[in-house]
Enquirer: 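First, the structure itself, so that you have it in front of you.
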Amino acid sequence: MRPEHRLLKTDFFARPAPEVAPDLLGKCLVRRTDDEEIVAIISEAEAYEGTEDLACHASKGRTRRTEVMFGPPGRFYVYLIYGMHQMLNVVTNTEDSPSAVLIRAVHLVSGPGRLTRVLAIDGTLNGLPAVPASGLWFEDRGLTVPSTDIELSPRIGVDYAGPIWSAMPWRYTLARDSLPGLTELVKPGGRLS
DNA sequence: GCAGTGATCATA
DNA sequence: ATGATCACTGCC
């Protein structure tokens, strides 16, 4: 990791999910396995905040699955959905407010299920801290996303949470127009690579 | 529009 | 033990 590739540390994640999620847009998700290192620019994220938020798994209480969200921020919350797709979240806020941000899309990959497949993410990462030693972490590579490039909309697939929580505009998407310029920056040979 | 696929959790 | 419920994707 080069000096200007700043690892996002615990304090970045120790805030409410609706603050962390938009700040993650334009940040990099870096995956290192034995073979390779893959860098992906986060282009879509959703906030799941606390026990009040009926769309948040933590609203069901503290169970074996949700245990990670009740722990310290900056750890991965990975779970399997529909028997097929691994979902990648990073735990946010404090232990008083179990919350997480779902990484929904990265540039050139769409959908939170496809991105975990591409990045070789599965449950073995669940509960691990987002640091290089885990093989998966977040970096600030100097890209700044103006707030005008961030689109807000309701979270996907959470109608069961009722009218209030399902309508909450906690899905943050990087506007399509702002993407091409951003990828140039992290390509091999690009200014920031 | 809906099948596929399996962990998880409440109910018993 | 059993069954319902999924923060999804791809093919019809």
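Numbered from 1 within each chain, the chains take letters A, B, ... in sequence-line order.
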Enquirer: Quick one, A/Arg31 with A/Glu37, criterion salt bridge (charged side-chain N to carboxylate O under 4.0 Å, His left out). Give me CA distance, side-chain angles, the key distance, then yes/no.
Expert: CA-CA 5 Å; A/Arg31 175 57 159 161; A/Glu37 182 172 300; over 6 Å; no

Enquirer: Can you check whether A/Glu44's main-chain N or O pairs, donor with acceptor, with A/Arg171's side chain at less than 3.5 Å?
Expert: no

Enquirer: Which residue in the set A/Arg62, A/Arg75, A/Lys60 passes salt bridge (charged side-chain N to carboxylate O under 4.0 Å, His left out) when paired with A/Glu67?
Expert: A/Arg62

Enquirer: What residue among A/Tyr82, A/Tyr77, A/Phe76 forms ring-ring contact (aromatic ring centres under 6.0 Å, His included) with A/Tyr79?
Expert: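 Of the listed residues A/Tyr82, A/Tyr77, A/Phe76, the ring-ring contact (aromatic ring centres under 6.0 Å, His included) partner of A/Tyr79 is A/Tyr77.
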
Enquirer: With side chain to side chain contact (heavy atoms under 4.5 Å, CB included) as the test, would you mind laying out the steps for A/Lys27 and A/Leu8 before giving the verdict?
Expert: CA-CA 9 Å; A/Lys27 297 294 190 295; A/Leu8 299 185; 4.0 Å; yes

Enquirer: Any donor and acceptor pair, going by atom type alone, linking the side chain of A/Thr51 with main-chain N or O of A/Pro98 inside 3.5 Å?
Expert: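 Judged by distance alone, no pair lies under 3.5 Å.
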
Enquirer: With no hydrogens and no angle check, is any side-chain donor or acceptor of A/Glu49 less than 3.5 Å from a backbone partner on A/Pro18?
Expert: no

Enquirer: So which of residues 157-173 of chain A are in contact with DNA chain C, with a heavy-atom cut-off of under 4.0 Å?
Expert: A/Gly157, A/Val158, A/Tyr160

Enquirer: Can you give the donor-acceptor pairs under 3.5 Å from side chains of residues 117-138 of chain A to other protein atoms, not counting sequence neighbours?
Expert:
| from | atom 1 | to | atom 2 | distance (Å) |
| --- | --- | --- | --- | --- |
| A/Asp122 | OD1 | A/Thr124 | N | 3.0 |
| A/Asp122 | OD1 | A/Thr124 | OG1 | 2.6 |
| A/Asn126 | OD1 | A/Val78 | N | 2.9 |
| A/Ser134 | OG | A/Pro129 | O | 2.6 |
| A/Trp137 | NE1 | A/Glu139 | OE2 | 2.8 |

Enquirer: What verdict does the side chain to side chain contact (heavy atoms under 4.5 Å, CB included) test give for A/Cys28 and A/His5, after you've listed the backbone C-alpha separation in whole Å, the side-chain angles of each residue and the deciding distance to 0.1 Å?
Expert: CA-CA 9 Å; A/Cys28 295; A/His5 296 174; over 6 Å; no

Enquirer: Please name all residues satisfying side-chain hydrogen bond (donor to acceptor under 3.5 Å, both in side chains) with A/Glu36, sequence neighbours left out, ordered by chain then number.
Expert: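 For A/Glu36 there are no side-chain hydrogen bond (donor to acceptor under 3.5 Å, both in side chains) partners, ignoring immediate neighbours.
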
Enquirer: Looking just at side-chain N and O atoms, do A/Thr94 and A/Ser97 make a donor-acceptor pair shorter than 3.5 Å?
Expert: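 Side-chain D/A pair, A/Thr94 to A/Ser97: absent.
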
Enquirer: Please report the shortest heavy-atom distance between A/Val106 and A/Ile42, naming the atom on each side.
Expert: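 Heavy-atom minimum between the residues: CG1-CA, 4.2 Å.
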
Enquirer: Summarise how protein sits on nucleotides 5-12 of chain B as a single string, 5' to 3': B when a protein heavy atom is under 4.0 Å from the base, S for sugar-phosphate-only contact, - for no contact.
Expert: BB-SS---

Enquirer: Is the backbone N or O of A/Trp165 less than 3.5 Å from a side-chain atom of A/Trp170, with the two atoms forming a donor-acceptor pair by type?
Expert: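 Here the side-chain-to-backbone pair does not exist.
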
Enquirer: Report the distance from atom CG of A/Leu115 to atom P of C/dT9, rounded to the nearest whole Å.
Expert: 8 Å

Enquirer: Could you check how far CG of A/Leu102 sits from C1' of C/dC6, rounded to whole Å?
Expert: 13 Å

Enquirer: Of all of residues 12-25 of chain A, which get a heavy atom below 4.0 angstrom from DNA chain C, listed by number?
Expert: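 Hits under 4.0 Å, by residue number: none.
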
Enquirer: Take the protein atom CZ of A/Arg104 and the nucleotide atom C1' of C/dT9, then report the distance between them rounded to whole Å.
Expert: 11 Å

Enquirer: Would you write out the dot-bracket form of DNA chain B, 5' to 3', with Watson-Crick and G-U pairs under 3.5 Å, [ ] for crossing pairs, | for pairs to other strands and . for unpaired bases?
Expert: ||||.||||||.

